[in-house]
Each structure stands twice: as structure tokens, then as C-alpha cells.
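For reference, the structure discussed in these notes is given below.
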Amino acid sequence: MKTQTENKTQEVTSKTIRIAGSEAVVRSLIAEGVDILYGYPGGAIMPVYDELFKFRNEIHHVLTRHEQGAAHAAQGFARISGRVGVAIATSGPGATNLITGIADAQIDSTPLVCITGQVASHLLGSDAFQETDIVGISTPVTKWSCQVTKASEIPEVLAKAFYIAKSGRPGPVLVDITKDAQFGELDFEYKKCTGVRSYIPIPKTNPEAVKAAADLINSAKKPMIIWGQGVILGKAENELKAVIEKTGIPAAWTILGASAIPTSHPLNIGMVGMHGNYAPNKLTNECDVLIAIGMRFDDRVTGNLSTYAKQAKIVHFDIDPAEIDKNVKTDVAVIGDSKDSLAQLLPLLDVKSHEGWLQEFKDLYDIEFDKVIKDDIYPTKEGLTMGEVLKQINIESKGNAAIVSDVGQHQMIACRYSEFNLTKSNITSGGLGTMGFALPAAIGAKMAAPDREVVAIIGDGGFQMNIQELGTVFQQKVPVKIVVLNNEFLGMVRQWQQLFFDKRYASTEMTNPDFVTIAKGYYIEAKRISKREELEGAIKDMIASKNSYFLEVCVEKEDNVFPMIPTGASVSDIRLS
């Protein structure tokens with residue numbers, strides 16, 4: 001016999017029914033295919049939580065320990081799955097606690113729908129208990145935000161929210177729903193949104209622009225590609241690979257573009273940016289045609305704009321017209337979906353090899369290996385390095401793990417030395433640089449992709465930003481692997497203080513708690529190591545575990561991350577020490 005809930009679920013899109021606004025919220029989520037969401041209850045959102053309880057067999061609510069954790073978990077879910085992540089919170093502080101995650105999602109183009117409760121509509125503007133103008137607060141960091149004051153508005157607004165969040169260049173959307181709208185009734189019928197007036201999510205690619213791009217690329221003697229996350233978001237990995245292999249063009253990546261093409265690919269020349277690889281940074285200022293695909297010329301990539309690739313013709317592929325000429329003046333702009341644009345480009349390209357040009361990258365890589373990489377991953381010093389930890393994770397995971405990181409030295413080391421065989425494998429806070437991102441994001445990623453190994457790489461500072469989410473790991477039994485690289489410093493800030501502030505380590509040295517005891521307090525298997533001979537066995541045990549696992553690795557306190565482009569310097573001024 002079917003349960004009452006199952007009968008209700010069948011009715012979601014089949015006919016109009018009379019229900020409360022709170023139930024309409026849950027039914028709308030189910031109609032959009034949502035089966036997991038992350039949140040924290042409170043008074044203004046309680047009617048929706050009551051319905052989530054009733055529909056708990058259809059949609060799984062994950063109780064995080066902080067609303068910021070809910071937003072980051074939804075991000076991790078979205079980044080590894082390509083689906084819209086959903087976070088939910090109450091009004092006032094519950095809503096404002098989502099903002100950091102929302103801002104992170106906005107700058108990193110992550111599709112989120114965040115739902116917040118709000119005081120009753122007749123109390124709006126009266127400074128009622130836990131009233132905050134969350135629409136006003138969130139507007140600068142969302143793709144769209146909206147307040148709902150009538151139950152009848154809920155289905156249409158949520159349908160529009162999901163459409164906007166996932167279409168075109170993705171991003172976060174916030175829907176704020178007053179309590180009386182949740183209690184009010186409506187004749188519910190859900191229709192998915194297929195378009196919004198004046199909103200063109202995917203501009204039509206101009207064939208003439210594609211032809212002009214192809215002509216420039218075919219005439220180039222020293223072309224170079226830099227790809228970003230737009231390739232992954234556009235599901236254009238195969239098209240990019242085909243373009244690179246046909247033309248023989250060396251291709252580099254931004255940190256959010258990492259994993260679109262396997263690390264081992266012979267034309268993958270490494271990471272650009274402040275702590276990227278020596279060759280692609282240095283030779284950016286020697287190429288004659290620079291092809292940017294799905295990247296936005298962030299300041300951490302370009303360094304000093306007045307000296308960035310001035311000798312090169314710039315070809316820019318992007319879905320967002322606002323990114324064209326925003327930072328770097330382009331010679332040819334191809335606006336549109338990356339998968340479609342590259343598919344149109346491919347047949348127009350000549351078959352080439354550029355072997356001499358590629359050798360220049362290999363020669364500079366050898367220099368970087370001797371001066372930096374060798375000491376990072378094959379150290380002779382007594383203390384453990386972050387690089388050798390990542391090397392061992394690569395070995396045990398066979399390069400198939402999804403690596404989730406915060407921001408800081410450990411992030412740069414993780415991006416530099418992780419081996420990525422699969423796309424959507426580098427989940428990190430790129431544009432906003434959010435400490436506290438990794439642990440909850442890893443939870444969301446593992447729940448979205450339970451068959452993948454998910455390893456969170458976290459610094460001792462960032463770990464304590466959202467350490468409470470160990471409770472979510474325990475309660476939800478999420479078999480995520482957590483590695484804290486503990487150097488007892490806010491490492492990246494300390495590095496800058498050493499290099500540029502005469503070693504004045506102002507408020508960067510950490511006096512840390514016993515992380516292993518804390519993890520065990522959450523019933524998570526935990527271990528601490530500090531010696532090289534312990535490393536292989538510890539990583540092997542962690543990867544082999546079928547449960548959640550916490551590993552603290554005590555690393556060298558004052559190791560620095562090189563190469564490095566100092567702030568305001570040219571990419572040509574990249575330092576190896």
C-alpha cells in the first residue's frame with residue numbers, strides 16, 4: 001500500500017492541489033529533482049521544516065552545525081555534481097550566516113538556491129525579532145534575490161530561482177519567504193521555468209568571431225591556451241582536449257579550471273597565477289597568441305596588467321559578455337557556450353605540433369623542478385613537507401580523488417601537486433578565498449558523489465573556522481577523509497610577513513588544541529603523524545578506510561610556497577625563491 005507521502009509526491013506535477021505555502025516550498029524542490037539540502041532550522045523557517053519532516057523519504061535534509069557550513073556544503077555538492085546546491089536557513093542571523101558561502105558561490109560561478117525564512121509581512125521594516133533585510137544584504141553577491149510575501153508566489157519564484165541559478169554562467173540565488181506566506185494556502189501547480197524575459201543566459205555564438213579566432217590561432221608561431229572553470233561548467237572538456245591535440249598548443253589552467261584535462265596530458269603545462277608553475281607564467285609574456293577559454297583574467301592570474309601579455313594577440317572565449325575587455329583588451333572575442341564555441345572552432349583549425357615552442361616550457365619546468373619541486377616532494381630535510389603529503393595521496397588514490405581545499409599555503413600546494421585524472425576533482429575557494437570552506441564543502445561533495453574518494457586538505461587555521469562540522473560528518477556518517485596540514489601558523493600570511501614585512505609575525509602563530517582528541521570526540525577515527533617514516537602507512541590506512549578519517553600531519557613550520565609572483569609584479573618577475 002502506498003503511503004500518504006508517496007501519494008502526495010505523485011501529485012506534485014500531475015494536478016493542482018490546495019496546500020500551504022510551506023508544503024509548496026518542499027514540493028517545488030522535489031519537482032526540481034532536489035534530494036539533498038543543507039540547513040539549520042529556526043522560528044521563521046519552521047513551517048518549511050515541518051513539511052521537510054513529512055517528506056523526509058523524498059528529500060534528505062542535512063543538519064549542519066552552522067549556516068555557513070550549509071552554504072559551503074551546498075557548494076561542494078554543486079561543484080562535484082554539476083547540479084544546483086540548496087541551502088536553507090531562518091531569518092536574521094541564520095540568513096546572514098549564509099552570506100559568506102553565497103558570496104563565495106557568486107565569484108566562483110557555483111549554482112546555489114538559498115531559501116531563508118522571514119518575519120511575517122506585516123512586521124517587515126519594524127525591527128522585529130530576528131528581522132534582517134537579507135534581500136538587501138545579498139543583492140550584491142547573488143545572481144538574483146527575491147522576497148516572497150504571498151503563498152501563491154512560491155512555485156513560480158522557486159522555478160525561476162532554479163532556472164537562473166543553473167543557466168548560462170551559474171551563480172547563487174536567494175529566495176526570502178515571509179512566515180505568513182509559508183502558512184498561507186494556494187492552489188499548487190508547478191511548472192519549470194524555461195526562460196525569463198530580457199535574460200539571455202547563453203548568447204548565440206557568432207561564426208565570424210569563431211573564424212577570426214581560428215585565423216589568429218592558425219597563424220601563430222607561439223600560441224598558448226589558458227583555460228578556466230568555464231570549460232568544466234560548460235562540459236567542454238572533450239572539446240578542449242580535441243582543440244589542444246589537433247593544434248599542439250601548450251595549455252595551462254587557472255586553479256578553478258584544474259582537472260578539466262588530466263594532469264598527465266603531455267600538452268598540460270601546469271597552473272598559472274601567483275603560485276603557479278614557472279613556465280606558463282614566464283612564457284605568458286613571450287607567446288604571440290594567447291587563447292583564454294572560460295576564464296576571467298583574475299588579478300591573481302595576470303599580476304601587473306600594464307605588463308601582461310602585451311606582445312600577444314588575445315582571443316577570449318567566454319559565456320559572459322561582461323568579462324570581455326574587463327581586465328585584458330581582446331583582439332577577438334567569442335561569446336557563447338564553451339562546448340558549442342570550441343566545437344565550431346575545431347574544424348577550422350590546422351593540424352600542428354609547435355614542438356620547439358613546447359620544448360621551451362619543458363626547459364623551464366626542469367629549472368622549476370630542480371629549484372622548487374624536488375625539495376617539495378622529495379625533501380631531504382628532517383621535517384615533513386606539504387608536497388610529499390600530496391604526493392603520497394596521489395599514489396594511494398591513483399589520482400582519482402576529488403581534492404577539496406580552503407585557502408592558503410595548503411591550497412596552493414594541493415593545486416600544484418595533486419594528480420587529477422577526472423574532471424571536477426579540484427574543489428576549492430577560488431575568487432573569495434574563504435577559510436573554513438573545505439570541511440563542509442567536502443561533506444557536500446562526498447554526499448553528491450558517494451562512489452568517489454573525497455579528501456579535504458586543510459590548514460590548521462582554516463580547519464578551526466568550521467571545525468564544528470565534524471558533528472555533521474559524524475551524524476550523517478559521511479566517509480570523507482580529512483587531512484590537516486599543521487604548521488602552527490597562518491601559513492600564507494606568515495610567508496608574506498617573512499618576505500615583505502621583515503619577519504614580523506604579527507598574530508599569525510597558532511596555539512592549537514589537540515585536533516586528534518577533538519576528532520575522536522566526534523567518534524571519527526583519527527591519527528597524528530610527524531615523521532616521514534609514518535607517512536606512507538598513515539595515508540594508506542586513511543584511503544583504505546570505509547569510514548570518515550581524520551589525519552593530522554605536523555609539517556615544517558616555516559616552509560614557503562614557491563614559485564611566487566609578488567603583488568603588483570609582472571608574471572615575468574615570478575620568483576623561484
Side-chain angles (χ1 to χ4, degrees), residues 25-26 28-30 32-42 45 48-49 52 59-90 94-117 134 138 141-145 158 161-166 170-177 229 233 256 402 404 406 424 427-432 434 436-450 454 456 465-466 468-469 471-473 475-476 478 480:
V25 171
V26 178
S28 298
L29 295 175
I30 294 171
E32 288 290 344
V34 176
D35 50 12
I36 299 176
L37 75 164
Y38 302 86
Y40 205 97
I45 197 66
V48 171
Y49 269 84
L52 284 170
I59 188 166
H60 178 50
H61 176 268
V62 177
L63 174 64
T64 58
R65 298 307 188 259
H66 192 284
E67 292 89 354
Q68 183 182 346
H72 292 326
Q75 285 180 275
F77 178 96
R79 291 274 289 275
I80 202 168
S81 69
R83 298 166 60 192
V84 177
V86 180
I88 185 169
T90 193
T96 58
N97 283 342
L98 290 174
I99 290 295
T100 297
I102 291 172
D104 195 288
Q106 172 76 344
I107 201 165
D108 282 355
S109 302
T110 304
L112 294 188
V113 169
C114 296
I115 298 170
T116 55
I134 194 61
S138 66
V141 292
T142 51
K143 195 174 175 185
W144 182 60
S145 59
L158 285 176
F162 275 88
Y163 174 74
I164 291 174
K166 65 188 177 185
V173 170
L174 182 134
V175 178
D176 189 47
I177 308 175
Q229 189 185 204
L233 294 173
L256 293 183
V404 187
D406 262 20
K424 298 186 179 73
I427 300 169
T428 192
S429 175
L432 198 63
T434 304
F437 171 89
L439 179 56
I443 293 170
K446 183 63 179 177
M447 296 184 79
V454 176
M465 288 277 188
N466 272 317
Q468 76 285 339
E469 297 309 325
T472 308
V473 173
Q475 183 171 350
Q476 298 294 324
V478 185
V480 68

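- Under the side-chain hydrogen bond (donor to acceptor under 3.5 Å, both in side chains) criterion, Asp406 pairs with no residue at all, not counting sequence neighbours.
- At least one donor-acceptor pair under 3.5 Å links the side chain of Gln229 to the backbone N or O of Asp108.
- Scored by the side chain to side chain contact (heavy atoms under 4.5 Å, CB included) test, Gln468 finds Arg65, His66, Asn466 as partners (sequence neighbours excluded).
- Minimum heavy-atom separation, Gln476 to Val62: CG-CG1, 3.7 Å.
- Proximity of Ile443 to Glu469: side-chain heavy atoms (C-beta onward) are separated by under 4.5 Å at one or more points.
- Annotation for Pro440 and Gly69: closest pair CB-O, 3.3 Å, computed over non-hydrogen atoms.
- Contact of the His61 side chain with the Leu63 side chain is registered, since non-hydrogen atoms from C-beta on lie closer than 4.5 Å.
- Between Val478 and Thr472, every side-chain heavy-atom pair lies at or beyond the 4.5 Å cut-off.
- Not counting sequence neighbours, the partners of Asp104 by the side-chain hydrogen bond (donor to acceptor under 3.5 Å, both in side chains) test are Gln75, Ser429, Thr434.
- In this structure, the side chain to side chain contact (heavy atoms under 4.5 Å, CB included) partners of Ile427, at least two apart in sequence or on a different chain, are Arg79, Ile80, Val404, Phe437, Ala445.
- Listed for the Lys143 side chain is a donor-acceptor partner under 3.5 Å among the backbone atoms of Ile164.
- The shortest distance between side-chain heavy atoms of His60 and Met447 falls below 4.5 Å.
- Closest approach of Leu98 and Cys114 over heavy atoms only: CD1-CB, 4.3 Å.
- Leu233 has its side chain within reach of Ser109: a pair of non-hydrogen atoms, C-beta onward, lies under 4.5 Å apart.
- Residue pairs meeting the side-chain hydrogen bond (donor to acceptor under 3.5 Å, both in side chains) criterion with at least one member in residues 81-90, sequence neighbours excluded, are Asp35-Arg83.
- For Ser138, there are no side-chain hydrogen bond (donor to acceptor under 3.5 Å, both in side chains) partners at least two apart in sequence or on another chain.
- Minimum heavy-atom separation, Tyr49 to Gly39: OH-C, 3.3 Å.
- Residue Gly85 comes nearest to Ala78 through the heavy atom pair N-CB, 3.8 Å, listed as atom of the first residue, atom of the second, then distance.
- Here Leu174 contributes atom CG and Ile134 contributes atom CD1; the two are 6.0 Å apart, rounded to the nearest 0.5 Å.
- In this structure, CG in Leu439 is found 11.0 Å from OG1 in Thr64, a value given to the nearest 0.5 Å.
- Taken to the nearest 0.5 Å, the OG1 atom of Thr100 stands 11.5 Å off from the CD atom of Glu67.
- Partners of Thr116 according to the side-chain hydrogen bond (donor to acceptor under 3.5 Å, both in side chains) rule, which considers only residues two or more places apart in sequence or in another chain, are Asp176.
- Across all their heavy atoms, Ala448 and Phe77 have their closest contact at CB-CD1, 3.4 Å.
- Annotation: side chain of Leu158 is in contact with side chain of Ile115 (closest heavy-atom distance under 4.5 Å).
- Listed by chain and number, the residues in a side chain to side chain contact (heavy atoms under 4.5 Å, CB included) with Phe162 are Leu29, Glu32, Val34, Val84, Val86, Val113 (sequence neighbours excluded).
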